[in-house]
Student: 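Just dropping this structure here.
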2 protein chains.
Amino acid sequence: MIISYHAAMTAPSHPRLTGPRRPGPGRPREFDTDLALDRAIAVFSERGYQGAAISDLTQALGLTAGSLYKAFTDKRGLFLAAFDRYVAVRTERLRAALEGAPTGRAKIKAVLDFYADSSHGADGRRGCLVVAGAVDLATADPEVAARVTGALHLNEDRLAGFVAEGQADGTVAPHLDPMATARLLLCVLQGMRVVGKTGRDRVEMAPLADNALKLLD
Amino acid sequence: MIISYHAAMTAPSHPRLTGPRRPGPGRPREFDTDLALDRAIAVFSERGYQGAAISDLTQALGLTAGSLYKAFTDKRGLFLAAFDRYVAVRTERLRAALEGAPTGRAKIKAVLDFYADSSHGADGRRGCLVVAGAVDLATADPEVAARVTGALHLNEDRLAGFVAEGQADGTVAPHLDPMATARLLLCVLQGMRVVGKTGRDRVEMAPLADNALKLLD
DNA sequence: CATGATAGGAAATGATCATTTCCGAATCAA
DNA sequence: TTGATTCGGAAATGATCATTTCCTATCATG
């Protein structure tokens, strides 16, 4: 599966993640909120929070500053909305990638492949919004810090579940500590995202997934 | 070894990394360049490049804007100087941590311990300047991108050397591809720095080093 | 069709920021 | 001592940025 994040996101068939807004009184919104957020994700991911100027965002979203502020309150509000959508979309895509995997080990392999896929070429260079949030807002903005921490812990817990599942079905070594192993796998995944920012190709990143599976023996 | 980065850096006994300036004509500089850079490293690491205002930097360095610009040309010049010193200092500290390690495997263990040490508590939260540079300048500034890429490749090559060394001395499995294994280890290291930004403690991070050694079997 | 409410958008606003300027102070070469 | 040179530092400058304002447009409701 070599589908760019944005190609997948702008495809019309993906499941709704935010739900349609109720059409209350007043003039209806002329732009698609989710599409705008996808573009905001791209801008924030590659430039960081502080590096993304409102003018960059209005240009990328095709909105004027007035509309942007009416819809998202703030630059910070836009970032938080984009962050939430990013996590939701990535979670949904990961869930889809996990569908065929029967064992705990196969699921972990699928997660590793998913991240290796995201960490090369143009998408890899664009980077991860969670990492971006961790770097330039984790120390300054408590709410963003909480979301970043929450996203990573969620990922960690999910991985720990797969490790335990693999131990139950015999595909992961029984003596391993699920949480410690999951934390190490989390480091591998986030590290891929950092290394992927330096412009690696598929041949460099894809084999990492297979090699990392040795952590389950 | 649980020494904070800054405690170690402000200690008077560490080897010179930048060399003394020749005292040319004109009024001599009243502040210590390396000490100023160490403080700049702290500010840039925890706030990112764009997030660090000149006023933040002048306050942290104890300099006025005029002096700062005379000494470092630019905000960007200050960042580049801080980045270079950061890499030099970390390399030197890593070299010291590597001194007692006899085998290839022991050296890799030392590197992993070094990063686990850097990725918890206050230092972990402060974060890594290379990661910060990767996130908010890698797409915008070609020179910074080149330095980040160079720093990571250097790390990768050094790790590959240790893998090969371990294969020669029998402490690392002979069938492994040194470069692929080194790249995976690099992901583990950089991932630790990202995860460490979310405020982990030593108990969470230290065991990662031992568990990651399984990648060498 | 009138009212209330919200959206789109251009232009203005106020703050912040990076950078420069200017001047007195300190040092070196002569 | 003199002149050249660089530093320290406060204040000014110009640009950029996030945010607001104001006006028009478009809907739901009664």
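Reckoned from all heavy atoms, side chains included, excluding hydrogens, waters and symmetry mates. Within every chain, numbering begins at 1; the chains are lettered A, B, ... in the order of the sequence lines, protein sequences first and strands thereafter.
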Student: Please report the distance, rounded to the nearest Å, between OH in B:Tyr69 and P in D:dA11.
Tutor: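 The distance from OH of B:Tyr69 to P of D:dA11 comes to 18 Å, rounded to the nearest Å.
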Student: Whole-Å distance between C:dT6 P and A:Phe72 CZ?
Tutor: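 For the pair A:Phe72 CZ and C:dT6 P, the rounded distance is 17 Å.
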Student: List the residues meeting side-chain contact (heavy atoms from CB on, under 4.5 Å) with B:Ala71, not counting sequence neighbours, and say none if there are none.
Tutor: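 With sequence neighbours excluded, B:Ala71 shows a side-chain contact (heavy atoms from CB on, under 4.5 Å) to B:Arg29, B:Phe31, given in chain and number order.
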Student: Could you give the angle between the helix axes at the two ends of the helix from C:dC1-D:dG30 to C:dA30-D:dT1, with five pairs per end, rounded to 10 degrees?
Tutor: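 Computed from the C1' atoms at both ends, the axes differ by 10°.
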Student: Looking at DNA chain C, which of residues 74-84 of chain B put a heavy atom within less than 4.0 Å of it?
Tutor: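 Hits under 4.0 Å, by residue number: B:Asp74, B:Lys75.
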Student: Ignoring hydrogens and angles, write down the donor-acceptor pairs under 3.5 Å from the side chains of residues 146-162 of chain A, residues two or more places apart or on other chains.
Tutor:
| from | atom 1 | to | atom 2 | distance (Å) |
| --- | --- | --- | --- | --- |
| A:Arg147 | NH1 | A:Asp84 | OD1 | 2.7 |
| A:Arg147 | NH1 | A:Asp84 | OD2 | 2.4 |
| A:Arg147 | NH2 | A:Glu143 | OE2 | 3.0 |
| A:Thr149 | OG1 | A:Ala145 | O | 2.8 |
| A:His153 | ND1 | A:Thr149 | O | 3.2 |
| A:Asn155 | ND2 | A:Tyr115 | OH | 3.0 |
| A:Glu156 | OE1 | B:Arg200 | NH1 | 3.1 |
| A:Glu156 | OE1 | B:Arg200 | NH2 | 2.9 |
| A:Glu156 | OE2 | A:Arg183 | NE | 2.9 |

Student: Give the minimum heavy-atom separation between B:Leu215 and A:Ala212, together with the two atoms involved.
Tutor: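 Closest approach of B:Leu215 to A:Ala212: CD2-CA, 4.2 Å.
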Student: By side-chain hydrogen bond (donor to acceptor under 3.5 Å, both in side chains), which residues pair with A:Ser118, not counting sequence neighbours?
Tutor: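 Residues passing side-chain hydrogen bond (donor to acceptor under 3.5 Å, both in side chains) with A:Ser118: A:Arg90.
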Student: Looking only at atom types and distance, does a side-chain atom of B:Asp56 sit under 3.5 Å from a main-chain N or O of B:Ala53, one as donor and one as acceptor?
Tutor: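 Present.
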Student: Say you draw a straight line from CG of B:Leu61 to CG of B:Leu78; how long is it, rounded to the nearest 0.5 Å?
Tutor: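 Reported to 0.5 Å precision, the distance equals 6.5 Å.
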Student: Shorter than 3.5 Å, N or O on both sides, protein versus nucleotides 23-27 of chain C: list them out with atom names.
Tutor:
| from | atom 1 | to | atom 2 | distance (Å) |
| --- | --- | --- | --- | --- |
| C:dA25 | N3 | B:Arg27 | NH1 | 3.3 |
| C:dT27 | O2 | B:Gly26 | N | 3.4 |

Student: Please lay out, stage by stage, how B:Leu37 and B:Phe72 fare under the test side chain to side chain contact (heavy atoms under 4.5 Å, CB included).
Tutor: CA-CA 10 Å; B:Leu37 286 179; B:Phe72 303 106; 3.7 Å; yes
Student: Just jot down the side-chain hydrogen bond (donor to acceptor under 3.5 Å, both in side chains) partners of A:Asn211, sequence neighbours excluded, or say none.
Tutor: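 Once residues adjacent in sequence are excluded, A:Asn211 has no partner under the side-chain hydrogen bond (donor to acceptor under 3.5 Å, both in side chains) criterion.
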Student: Return the residues of residues 43-64 of chain B meeting this criterion: a heavy atom under 4.0 Å from some atom of DNA chain C. Order them by number, or give none.
Tutor: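 Here the set is B:Ala52, B:Ala53, B:Ile54.
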Student: Using a strict cut-off of less than 4.0 Å between a Lys/Arg side-chain nitrogen and an Asp/Glu carboxylate oxygen, indicate whether A:Glu165 and A:Lys107 qualify as a salt bridge.
Tutor: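 Yes, charged N to carboxylate O under 4.0 Å.
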Student: Checking B:Thr64 now: which residues fulfil side-chain hydrogen bond (donor to acceptor under 3.5 Å, both in side chains) with it, not counting sequence neighbours?
Tutor: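 If we apply the side-chain hydrogen bond (donor to acceptor under 3.5 Å, both in side chains) test to B:Thr64, skipping adjacent residues, the hits are B:Ser67.
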Student: B:Ala122: what forms a side-chain contact (heavy atoms from CB on, under 4.5 Å) with it, not counting sequence neighbours?
Tutor: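 By the side-chain contact (heavy atoms from CB on, under 4.5 Å) rule, B:Ala122 matches no residue at all.
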Student: With B:Lys75, which residues qualify under salt bridge (charged side-chain N to carboxylate O under 4.0 Å, His left out), at least two apart?
Tutor: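 For B:Lys75, no residue satisfies salt bridge (charged side-chain N to carboxylate O under 4.0 Å, His left out) once neighbours in sequence are set aside.
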Student: List in chain and number order the residues that pass salt bridge (charged side-chain N to carboxylate O under 4.0 Å, His left out) with A:Asp74, two or more places apart in sequence or in another chain; answer none if no residue qualifies.
Tutor: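 Checked A:Asp74 against salt bridge (charged side-chain N to carboxylate O under 4.0 Å, His left out); zero matches.
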Student: Rounding to an integer number of Å, can you tell me how far B:Leu68 CG sits from C:dT19 P?
Tutor: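 Spelled out: CG on B:Leu68 to P on C:dT19 is 10 Å.
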